[in-house]
A.B. asks: 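I'd like to ask you about the structure that follows.
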Amino acid sequence: VYDMMVVPLLYSGLVPASISSIPVVEWSTFLFWVVDLVSNFMTGYHQELDVQFNPRKIAKHYLKGWFAPDVTIILIDLLFLVQHQGDNEEDDEAVSSSSIIGVSRMVRLLRIARALRLVRVARLIQLSTDWLQYMTIVNTDFSIVVARVVRLVWFILVLNHYLACIWYAIGRWSGEAQASWLEEVIKDDKLSYYCAAFHWSLTQFTPATQNLAPRNEWERIYACIVVLMALLTFSTFVGKMTSAMTQLLSLNTKRDNEQMLLRRFFSENKLTDMLRVQIWQCWKHQSYGHRRLGIAREEVPYLAEMPKRLQMRMDMELRTPHLCFLKIFEVTERESKGVLPFICHFAMREHAGIHLQEIFMPRSNAYEAFCLTSGEMRYESKYVSGGAVTVVPQSWVCEPVFWGDWVHRGWLTAEGSCFWISLNGEAFRAQVTACIGSPFGIALKKYARGFERLARDRENELFDVVISEEDQWKRTNLAMQSAPDQQQVAPTWNTMPKFFRRGTSTLFGPA
C-alpha cells in the first residue's frame with residue numbers, strides 16, 4: 001500500500017526523492033514479504049474438492065504461481081535497503097566526479113526499481129480477493145455487503161490518486177512551454193496542487209463541479225481519455241454500489257413484512273391491549289433471537305446436492321464432537337471411525353430454536369435424542385424436585401432413545417435462542433446393527449444392556465434429562481466399563497445374537 005501511494009507521487013514530482021523512502025516502512029515491508037514468502041511454502045491450497053497439505057505439492061504449486069513476483073519484490077526491497085545503508089555511511093564531504101556519475105546512475109536504477117515495485121499491486125489485488133472470499137465464507141451477510149462497498153470505494157480512491165498524479169505531471173511538463181492548469185491554482189505549493197488534481201479527477205467520475213480546465217492540447221487529450229474511462233468505470237461502480245445497498249436494505253425486508261402483518265392482525269381482530277403487548281414482546285424475542293442463531297445445514301439447498309462422500313465428511317466433522325459429549329461415544333471414538341460418518345449423516349440433524357419454542361411435551365412418544373449446542377432450555381416435569389431444571393450446552397436429552405422405546409415425561413422449552421442437534425433413534429440403531437460385530441458394536445451392546453438394568457432399577461427416577469449427580473456418575477461408570485478391549489476378537493456373523501441379525505428396534509440383549 002505504501003508503494004502504491006508513494007510511487008506515483010514520486011514520478012509526478014509531488015514528492016521529492018529525498019523523502020520518498022522511510023527506513024522504518026522499508027524494513028517493515030521487506031520483513032512482511034519475507035515472512036509471506038516462507039509462509040506460502042507451508043500454506044495449503046484447494047485442489048478440486050480437497051485441500052492439499054502435502055509439502056512437496058504445496059511447494060510445486062507456489063513455485064508455478066506467485067513465487068517469481070514475490071522474489072522480485074524482496075530483491076527490489078533489498079536493493080533499497082542496501083542503498084539506504086550506503087547513504088547513512090556516506091560522508092558529508094564533496095565527492096569526486098566519478099563518484100557523482102556513479103551516484104546518478106544508482107539513482108536512475110533505483111527509480112526504475114521503485115517503478116518495478118508496483119508489481120506487488122497485483123499481489124495485493126490477489127490478497128484482497130482472497131480476503132473477500134474468506135469474508136463470504138465466515139461472515140454475516142451484513143459484513144459481506146459492507147466489505148464489498150469498502151472495496152469499491154477504495155478502488156475509486158486509488159484510481160483517482162493515480163489519475164491526479166498523472167494530471168499534475170502533464171501540467172508540470174506541458175506548462176514549461178505553454179499555459180497550464182497549474183496557473184489556476186491560487187496557492188503555489190505541492191499540497192495545493194495535489195488537492196486540486198485529486199478534486200479534478202474525482203469530478204470526472206461524478207456530476208460534481210470544479211474550476212479547473214485543460215489549457216493546452218496535451219491536457220485536453222488526457223482529459224478526454226479520463227472522461228471516456230470514467231464513463232465506463234463510474235457506471236460499473238454505480239451499478240455495484242446500488243446492488244450492494246439494495247442487498248443491505250433487503251436484509252430486513254422479511255422482518256418488516258412480518259411486523260406489518262402483525263399490526264394488521266391486531267387491528268382487524270381488535271385484541272385487548274394486554275394481549276397485544278404480550279404477543280408483540282414474544283414476537284420481538286423470537287425475531288431477534290432467530291437472527292442471532294445462524295443457519296442450519298438443512299436450510300442450505302446446495303449442501304444436499306453435493307456428492308454423498310463430501311456430505312458425510314462434512315457431517316462427521318460438524319456432529320462428531322457433539323456425539324462425544326456422551327461418555328460411551330467418547331471412549332469408543334477411535335473404534336467408531338468406520339460407522340461415525342453414516343451415523344452423523346443418516347441419523348443426525350441440526351435445529352434452530354427461538355424463544356418459548358416447545359421441543360416436546362409429556363406422554364408423547366420419543367423418536368429423537370437431543371444435544372444442546374448453544375443457548376439454554378428449560379425442562380419441566382411434575383416428577384422433578386423443584387418442578388424444573390435448566391438444560392445447558394453440551395447436554396444430551398432423551399438418551400434412552402438410543403437404546404430402545406421411550407415416552408417423554410416432561411416439557412422441554414427453549415429459553416431464548418438456541419441451537420441443538422437431534423439423533424433419530426431408529427436410524428441410529430439401523431447403522432449400529434450393520435457393525436455389531438466390531439469392537440464399537442460390542443461396546444455399545446454392553447452399554448445398552450447395562451443401561452437397561454439401570455432403567456429397571458431406577459424406573460421412577462429416570463427422566464428425559466439427567467437430574468442427579470448420582471445418575472450421571474452411574475452412566476459414566478457404565479461407559480468406562482463398556483470401553484472396547486483392544487485384545488478382544490470381534491465375533492463372526494454366525495456367533496452374533498439373533499436379535500441383532502434380525503435388525504430389531506432395540507439394542508437391549510438378554511442379560
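Residue indices begin at 1 and follow the sequence shown. All of these numbers come straight from a predicted model, not from anything done at the bench.
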A.B. asks: If every non-hydrogen atom of M377 is compared with every non-hydrogen atom of A414, which pair is closest and at what distance?
C.D. replies: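 Closest heavy-atom pair between M377 and A414: CG-CA, 4.3 Å.
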A.B. asks: So do the side chains of M316 and K337 get within less than 4.5 Å of each other, counting heavy atoms only?
C.D. replies: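 The answer is yes, as the side chains (C-beta and beyond) meet within the 4.5 Å cut-off.
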A.B. asks: Do L372 and F419 touch side chain to side chain, with heavy atoms closer than 4.5 Å?
C.D. replies: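 L372 vs F419: side chains apart.
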A.B. asks: Answer whether the closest heavy-atom distance between the side chains of E333 and T320 falls below 4.5 Å.
C.D. replies: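 Yes. Closest side-chain heavy atoms under 4.5 Å.
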A.B. asks: A side-chain contact here means heavy atoms from C-beta on lying under 4.5 Å apart; do F67 and L37 qualify?
C.D. replies: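 Heavy-atom side-chain distance check passes, below 4.5 Å.
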A.B. asks: Are any non-hydrogen side-chain atoms of F463 and H408 less than 4.5 angstrom apart?
C.D. replies: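 Contact flag for F463/H408 side chains = no.
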A.B. asks: Is it true that, when you exclude F342 itself, more than 12 heavy atoms of the residues, nucleotides or ligands shown sit nearer than 6.0 Å to its CZ?
C.D. replies: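 Counting neighbours around CZ of F342, 12 or fewer heavy atoms of other residues, nucleotides or ligands fall under 6.0 Å, so no.
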A.B. asks: Take E452 and W403 through the test side-chain contact (heavy atoms from CB on, under 4.5 Å) and record every step on the way to the result.
C.D. replies: CA-CA 8 Å; E452 181 188 23; W403 321 115; over 6 Å; no
A.B. asks: Kindly state whether the ring of F329 and the ring of F402 have centres lying under 6.0 angstrom apart.
C.D. replies: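 Ring centres of F402 and F329 closer than 6.0 Å.
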A.B. asks: Drop me the distance from L340's CG to E335's CD, to the nearest 0.5 angstrom.
C.D. replies: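 Rounded to the nearest 0.5 Å, the CG-CD separation comes out at 10.5 Å.
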A.B. asks: State, to 0.1 Å, how close V339 and Q431 come at their nearest heavy-atom pair, and which atoms those are.
C.D. replies: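 Answer, listing the atom of V339 first, then Q431: CG2-O, 3.8 Å.
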A.B. asks: According to side-chain hydrogen bond (donor to acceptor under 3.5 Å, both in side chains), who are the partners of T332, at least two apart in sequence or on a separate chain?
C.D. replies: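 So T332 forms no side-chain hydrogen bond (donor to acceptor under 3.5 Å, both in side chains) with any residue.
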A.B. asks: Going through the distances and angles, do R334 and F440 end up as a side-chain contact (heavy atoms from CB on, under 4.5 Å)?
C.D. replies: CA-CA 9 Å; R334 184 172 61 179; F440 173 65; over 6 Å; no
A.B. asks: Determine, for R313 against E317, whether the closest basic-nitrogen to carboxylate-oxygen distance falls under 4.0 angstrom.
C.D. replies: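 Salt bridge: no.
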A.B. asks: Shortest non-hydrogen contact from E350 to I421?
C.D. replies: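 Where E350 meets I421 most closely, the heavy atoms are CG-CG1, 4.0 Å.
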A.B. asks: Report yes or no: does T236 contribute a side-chain atom to a donor-acceptor pair with the main-chain N or O of L232 at less than 3.5 Å?
C.D. replies: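 Judged by distance alone, yes, a pair lies under 3.5 Å.
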A.B. asks: Indicate yes or no for a side-chain donor-acceptor contact from S39 to the backbone of V35 under 3.5 Å, with no hydrogens or angles considered.
C.D. replies: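 Such a contact is found between S39 side chain and V35 backbone.
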A.B. asks: Looking at CD1 of I343 and CE of M348, how far apart are the two atoms once the value is rounded to the nearest 0.5 Å?
C.D. replies: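 Going from CD1 on I343 over to CE on M348, the span is 9.0 Å.
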A.B. asks: To the nearest 0.5 Å, tell me how far D471 CG sits from E399 CD.
C.D. replies: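 One finds 8.5 Å between CG of D471 and CD of E399.
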A.B. asks: In Å, rounded to the nearest 0.5 Å, how long is the span from CE of M314 to CG of L303?
C.D. replies: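 Here the interatomic distance stands at 4.5 Å.
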A.B. asks: Using a distance-only test with no angle check, is there a side-chain donor-acceptor pair under 3.5 angstrom linking D464 and W406?
C.D. replies: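 Distance-only check passes for D464 and W406.
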A.B. asks: Evaluate whether atom CD of E469 has more than 12 neighbouring non-hydrogen atoms of other residues, nucleotides or ligands under 6.0 angstrom away.
C.D. replies: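 Count not over threshold, so no.
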A.B. asks: Go through the structure and list residues passing ring-ring contact (aromatic ring centres under 6.0 Å, His included) with F325, not counting sequence neighbours.
C.D. replies: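 Only H322 meet the ring-ring contact (aromatic ring centres under 6.0 Å, His included) criterion with F325.
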A.B. asks: Taking the side chain as every heavy atom from C-beta outward, state whether M312 and R309 have any pair of such atoms under 4.5 Å apart.
C.D. replies: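 They are not in contact (no side-chain heavy atoms under 4.5 Å apart), so the answer is no.
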A.B. asks: Taking K446 for its side chain and Q481 for its backbone only, find out whether a donor-acceptor pair lies under 3.5 Å.
C.D. replies: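 Pair found, side chain donor or acceptor close to backbone of Q481.
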A.B. asks: Using side-chain heavy atoms (C-beta onward) and a distance below 4.5 Å, is E376 in contact with V391?
C.D. replies: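 Heavy-atom side-chain distance check fails, nothing below 4.5 Å.
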A.B. asks: Do N160 side-chain atoms and I156 backbone N/O form a donor-acceptor pair below 3.5 Å?
C.D. replies: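 Judged by distance alone, yes, a pair lies under 3.5 Å.
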A.B. asks: Do N269 side-chain atoms and F265 backbone N/O form a donor-acceptor pair below 3.5 Å?
C.D. replies: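 Side chain of N269 to backbone of F265: a pair is present.
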A.B. asks: Within the side chain of S243, is there an N or O that forms a donor-acceptor pair under 3.5 Å with the backbone of G239?
C.D. replies: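 Such a contact is absent between S243 side chain and G239 backbone.
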A.B. asks: Looking at SG of C344 and CZ of R319, how far apart are the two atoms once the value is rounded to the nearest 0.5 Å?
C.D. replies: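 Between atom SG of C344 and atom CZ of R319 there are 7.0 Å.
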A.B. asks: Closest heavy-atom contact between G410 and Y379?
C.D. replies: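 That would be N-OH, 3.4 Å.
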A.B. asks: Could you tell me whether the side chain of L323 reaches within less than 4.5 Å of the side chain of L423, counting heavy atoms only?
C.D. replies: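 Of all side-chain heavy-atom pairs linking L323 with L423, at least one is under 4.5 Å.
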A.B. asks: side-chain contact (heavy atoms from CB on, under 4.5 Å) for R349 and H351? Distances and angles first, verdict last.
C.D. replies: CA-CA 7 Å; R349 295 291 182 269; H351 303 273; 3.8 Å; yes
A.B. asks: Would you please test R475 and L326 for side-chain contact (heavy atoms from CB on, under 4.5 Å) and show each step?
C.D. replies: CA-CA 9 Å; R475 298 189 190 193; L326 275 180; 5.9 Å; no
A.B. asks: Would one find more than 12 heavy atoms of other residues, nucleotides or ligands at under 6.0 Å from atom CZ of F41?
C.D. replies: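 Yes - once you tally the heavy atoms of other residues, nucleotides and ligands closer than 6.0 Å, there are more than 12.
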A.B. asks: Can you measure from SG (C435) to CD1 (I442) and round to the nearest 0.5 angstrom?
C.D. replies: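 With rounding to 0.5 Å, SG (C435) is 10.0 Å from CD1 (I442).
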